[in-house]
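Keep in mind the model is a prediction, meaning the values are calculated, not measured.
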Amino acid sequence: MKKNRPNQRLLIVLSLLIFLGVSCVQDQTNEDKSTTVNYKRTSNEVKAVLDRDPGSLNPIISTSAIDRQIFEHLFSYLMVPDPQTLEYIPQLAKAKPEVKETREGPFAGGVHFTFDIHDEAKWDDGTPITGNDYIFTLKAVLNPGVNAPNILPYVEFIGDAQVDPNNPKRIIVYTKEKYFLAEEAVVYAFPILPAHIYDADDVLSNYSLSDFLDVDKAQSVFDSDEALQRFADTFTKDFNREPSKISGSGPYRLVSWEDNQRIRLAKKENYWGNNLVAKYSALTAYPDELVFEIVLDAAGTTSLLKSEEVDVVSNFNATQFADFEQDESFKETYELHEPSSLVHYFLYLNACIPKLQDKRVRRALAHLVDVETLTDVIFNGNGTRLSGPVHPDAEFYNKDLPIISYSPEEAQKIFAEAGWEDSNGNGIVDKEMDGELVEMRINYLMRAGNERSRNIGELLIQSMKAGGVEVVLEPIETSLILDRVKRKDYEMSTGGRGFAVPLWDPKQNWHTEGDNRMCFGDARSDEIIDEIRVTFDTEKRNELYKELQAIIYEEQPLIFLFILNNLMITHKRFDMETTGITPGYKPNRFKLNI
Amino acid sequence: MQKYLLKRFWILLLTLFAVSLFAFALSKMAPGDPVEQFEDVPIQGSKAQRLRSYKRTAQKLGVDKPLFYFQFSSAAYPDTLYRITNYYERETIKRLIARYGNWELIQNYWHEIHEMERKIEKLPDSLDRNALIKLRQNTTDLFVFHKPGKINKAFRNIHTALENEALYSAIHQDSERLANAYQRVVNEPSKYKHYVPKFAWHGLDNQYHIWFSNFFTGNFGYSYESNQKIETKIWSHLRWTLLLNVLALFIIFSISIPIGVYGAVHQDSWLDHWGSLGLFILYSLPSFWIATLLIIFFTTPEYGMDWFPTHGLGDISEDDSFWDIFWMRAYHLVLPVFCMSYASLAFVSRQMRGGMIDVFQQDYIRTARAKGLAEQLVIWKHSFRNALFPIITLVASIFPGLLAGSLVIEVIFSIPGMGKLTIDSIYARDWPVVYTILMFSALMTMIGILVADLLYAWADPRVSFAKKSK
């Protein structure tokens, strides 16, 4: 035995040398010299970069925004927003629904929608997609053992849903009351799942939809039926990332998911929508494969682009993007885009505290935020200013409300009108309130350890100082910022929010009964918001939107900063159009041009 | 020896128990609402809907149960506080108790806020809406206010809202009851209760027991984030970390041990000096910097040296053969393995060198040489084994290291290893994953120390764990 040892060692060392040596051999297999275009990548495969691993591909329980980027290619909705117009267009549905007011029955006063699913629509095993699959998915959402926090709010006003007894492909959905977003919720709140696969034991068919729509009844049914509990358990745990389990009616199937590395989707050979694409653009699926590369480091993404290993990157690093803009050889291979995103940023002002209660003070503060410098210095000029909570491109954006410019002089004038002046000569404006001299010293809650947050804070100190306001930075842990804002225990903080498109329900953030953290709102603003929710006439609703924006502008509960542009890079061998919908592109619509 | 092993086994169990307690306590001290932090998109919808969703998520996370088997606190705190599912309400009540100590009165005050809120919801819209809004907002604020100044201000605002006659007649009785309830809290504090200890037994249906008992029966649970089985999730990351570490360790030991022995045998030679200098220079270069430089220079055509892949572990297709996969992985692992290895060469070789020099000075080596034994035999047979002590000590740290992974290298090279998984899970507050990793790290540390002890005995027969007989 001992005599063999040197040989063993030699073998190990040799293996290691071979192992190291192989690394020096450059992989040439990807290079296809046959094409006339001098691209390294020529295949009809779109490779997109994600900066983190998605959570789950079960669209019902998914709580992560990134999941949808994958599962929207595996499953189909009745309707989806058009990437350009953002209007809803049919996907599984043959056409827009027929909408009628419900005049009698338990849901009188509401509306009902009638949809027809494509005759050609079928699951992978050839089974037709019917209204029963829609009802099953709705039951799954409402099952008390299935946690679907992102979908439940949209289905809570559904009163009932029925399948036409004479036409299994026809669904009629009743709403409890009139609500202008009802259609959106009915068609786009959840994709339709195959009942015979996701509920192989047919458990949910033992219950009617009304059993689940009544929350208390649903809970008692759930508590007493073990089969229902088992369904919830299996539904929650088994259909998240296993290619053999996940099955939808979308144009792609899940081929593999390597944790934190990549997710690969391949186009189905016999996709039912192939023959309908000419008429229904929502069924478009040009690429043969969609690959989502998970790249955790920004430098890694840059290197992948430089070595032409990926096709699309969004929300790219601003500095590196500027470098690429100057790089002509890079631009021979890649296209650079800067579409506006659907996220805007602002500063919260707590109007509940005495010194910020006067709207003139809040307006003066808005004049003291140098948004242009802030955008230039911190975000490389990559932002578009806005005056309120509506995207400037939206048809109901109130164009009569000008952007509030940086003007310490104007701020001081307004402060003086509101009774705030520097009476003690310390450079900070003050005012006597309830017998006490109050200085305009504002605490700014910022994320501890976050360099960008600190830079914003430093700029605020500088810009507000010019108008006699002292900003004091208070760095705290991110989760505590939310806690403090919720308790209205703050003076100023930063926030960000997505625009709802194409329609906007302001109730959640702006109604006094909503999650309103700035003490904004009165009877009129509440009334407008309530009216918006039941107004189906677009013109009339747009007027209401504009009036609400005017009130928000007047009250200035937030200082609106900017909308960040989405810095995107795409490979030139594909024709594509950017979209405002996150992440800014639809990989299924990338059309090969070589 | 058996007794020794048995003793170590019990110590191992105790340590694991202590680590589990520590990890659990720390996770519960993390600030913020665990339910809100779990949701990527804030819970929306009507108030009833938000409450239902909140409750479901709280149940999923298990935060609706008592924390531990028992509660040892001051008599001021009730043992049923965990039943208040909403984090903000629970925290406000805790702070009120900390200030006033009279739980019964605070409970009554809380009940009155809820009553008032219910009454306000039923008020007709025909009333003065602005006054109604003021009334509702200030009443709701009481759920999150605990500082007297803020509460008093809310009451003043409620009072102002009730200047509206119709509103006053509709709700003034409830409002007065609420104000009185608060006044009683303030005027009848029971601060002495904070000095009276109280013990409450919660039974086995508590958060810690559920997790700990599941862990020991091999049921590690499911990840909150991805709903994956924990063992599946950890294995999918652990395999890469193990591969990286085993390769790196192999390289480190197979290069640095001969260097260390050579340095000791040829002490103070020019090769010893220059070799040490070179290794120390490598040691001083931070791996994140080297890794980034390697990526910049050797993975893109920009500098004409596009020799290595940029990131990850390669794109394997369904049709690839075993050897295709092998070479693909090997090709992708070269840079990360290099970055994980180079810095340790100096450390291990210096340890080896020092160990050998110590042994060379021993009498029995001098005797061996005096007997005329061949130098190679003196070095490898008589010295090397005894000089392994410092290397064996390093072994103890290798085991937990095998599990822990290197966050920096994993992030830069986009390798889904344990370091990244641990950090991501902590940020995502995916506690089942964090607990399991932590417990296994503790286990591996203990095993590492045990293995090192056993190796000491192997390397030097003078080391014995049996009790010496007198």
Side-chain angles (χ1 to χ4, degrees), chain A residues 12-13 16 19-20 22-24 26-27 52-53 55-56 58 61 63-65 144 147 149-150 152-154 156 215 236-237 240-241 255-256 258-262 291 293-297 299-300 303-304 306-307 309 477 479-480 482-483 486-488 508 512-513 515 519 521-523 526-527, chain B residues 30-33 36-47 49 52-53 56-57 60 88 129-130 133 136-137 141 144-145 222 225-228 233 236-237 250-251 254 292 295-296 299-302 306-313 315 318 327 330-331 334 410-414 416 420:
Chain A
I12 292 168
V13 171
L16 188 72
F19 172 70
L20 285 168
V22 74
S23 62
C24 299
Q26 195 181 346
D27 186 3
R52 64 193 162 105
D53 210 20
S56 162
N58 182 336
I61 61 166
T63 53
S64 165
N147 195 30
N150 290 351
L152 279 171
Y154 297 99
E156 65 173 324
V215 176
T236 307
K237 288 169 181 167
N240 296 302
R241 46 176 68 208
V255 176
S256 61
E258 293 171 73
D259 277 5
N260 266 311
Q261 287 188 73
R262 75 185 51 75
V291 180
E293 284 285 326
I294 293 130
V295 187
L296 312 169
D297 183 43
S303 300
L304 282 174
K306 283 181 177 173
S307 54
E309 287 180 51
E477 214 261 331
S479 57
L480 286 178
L482 184 67
D483 187 274
K486 259 215 149 148
R487 291 179 190 283
K488 297 179 181 170
Q508 183 74 26
T512 57
E513 287 179 61
D515 190 17
C519 284
D522 58 11
D526 276 3
E527 200 181 346
Chain B
D33 180 0
E36 274 190 354
Q37 282 161 2
F38 180 73
E39 307 294 346
D40 207 16
V41 181
I43 296 173
Q44 300 205 343
S46 66
K47 196 180 165 199
Q49 182 54 58
R52 268 199 300 279
S53 280
R56 280 190 195 181
T57 306
K60 175 180 172 168
Y88 291 97
R129 289 197 68 178
N130 276 329
I133 288 168
R136 190 176 54 231
Q137 276 187 334
D141 282 349
V144 290
F145 286 173
Y222 286 80
E225 233 209 339
S226 61
N227 287 301
Q228 264 180 303
K233 186 161 186 159
S236 70
H237 290 78
F250 178 74
I251 290 170
S254 53
T292 312
I295 282 200
I296 292 171
T299 70
T300 66
E302 202 175 4
D306 188 9
W307 297 340
F308 295 99
T310 308
H311 88 130
L313 294 152
D315 191 356
E318 286 166 323
W327 292 124
Y331 179 43
V334 173
E410 286 167 15
V411 169
I412 294 176
F413 290 101
S414 273
K420 179 77 181 134

Among [options], who wins on heavy-atom pairs under 4.5 Å with chain B?
| options | value |
| --- | --- |
| A:Thr236, A:Val215, A:Val291 | A:Val215 |
| A:Gln261, A:Lys488, A:Glu309 | A:Gln261 |
| A:Lys306, A:Glu477, A:Lys237 | A:Lys237 |

Full working for side-chain contact (heavy atoms from CB on, under 4.5 Å) between A:Asn260 and B:His237: CA-CA 9 Å; A:Asn260 266 311; B:His237 290 78; 2.9 Å; yes
Closest heavy-atom pair, A:Asp522 versus B:Ile133, reported as atoms and distance to 0.1 Å, is C-CD1, 3.2 Å
So what's closer than 4.5 Å to chain B heavy atoms on [X]: side chain, backbone, both or neither?
| X | result |
| --- | --- |
| A:Leu152 | both |
| A:Glu513 | both |
| A:Arg487 | both |
| A:Ile61 | side chain |
| A:Glu527 | both |
| A:Asn240 | side chain |

For the side chain of B:Asn130 and the backbone of A:Ala523, is there at least one donor-acceptor N/O pair under 3.5 Å apart? yes
Looking at B:Gln137, B:Arg129, B:Arg136, which has the largest count of heavy-atom pairs under 4.5 Å with chain A? B:Arg136
Rounded to the nearest 0.5 Å, how far apart are OG of B:Ser414 and CG of A:Leu304? 7.5 Å
Starting at NZ of B:Lys233, measure out to CG of A:Asp53 and round the result to the nearest 0.5 Å. 7.5 Å
Is B:Asp33 in contact with chain A via its backbone, its side chain, both, or neither, using a 4.5 Å heavy-atom distance? neither
With a 4.5 angstrom heavy-atom cut-off, could you sort out which part of B:Tyr222 is near chain A: side chain, backbone, both or neither? side chain
Just do the side-chain contact (heavy atoms from CB on, under 4.5 Å) check on A:Asp259 and B:Gln228 with the steps written out, would you? CA-CA 11 Å; A:Asp259 277 5; B:Gln228 264 180 303; 3.5 Å; yes
Side chain to side chain contact (heavy atoms under 4.5 Å, CB included) partner of A:Ser303, chosen from B:Asp306, B:Thr292, B:Thr299: B:Thr299
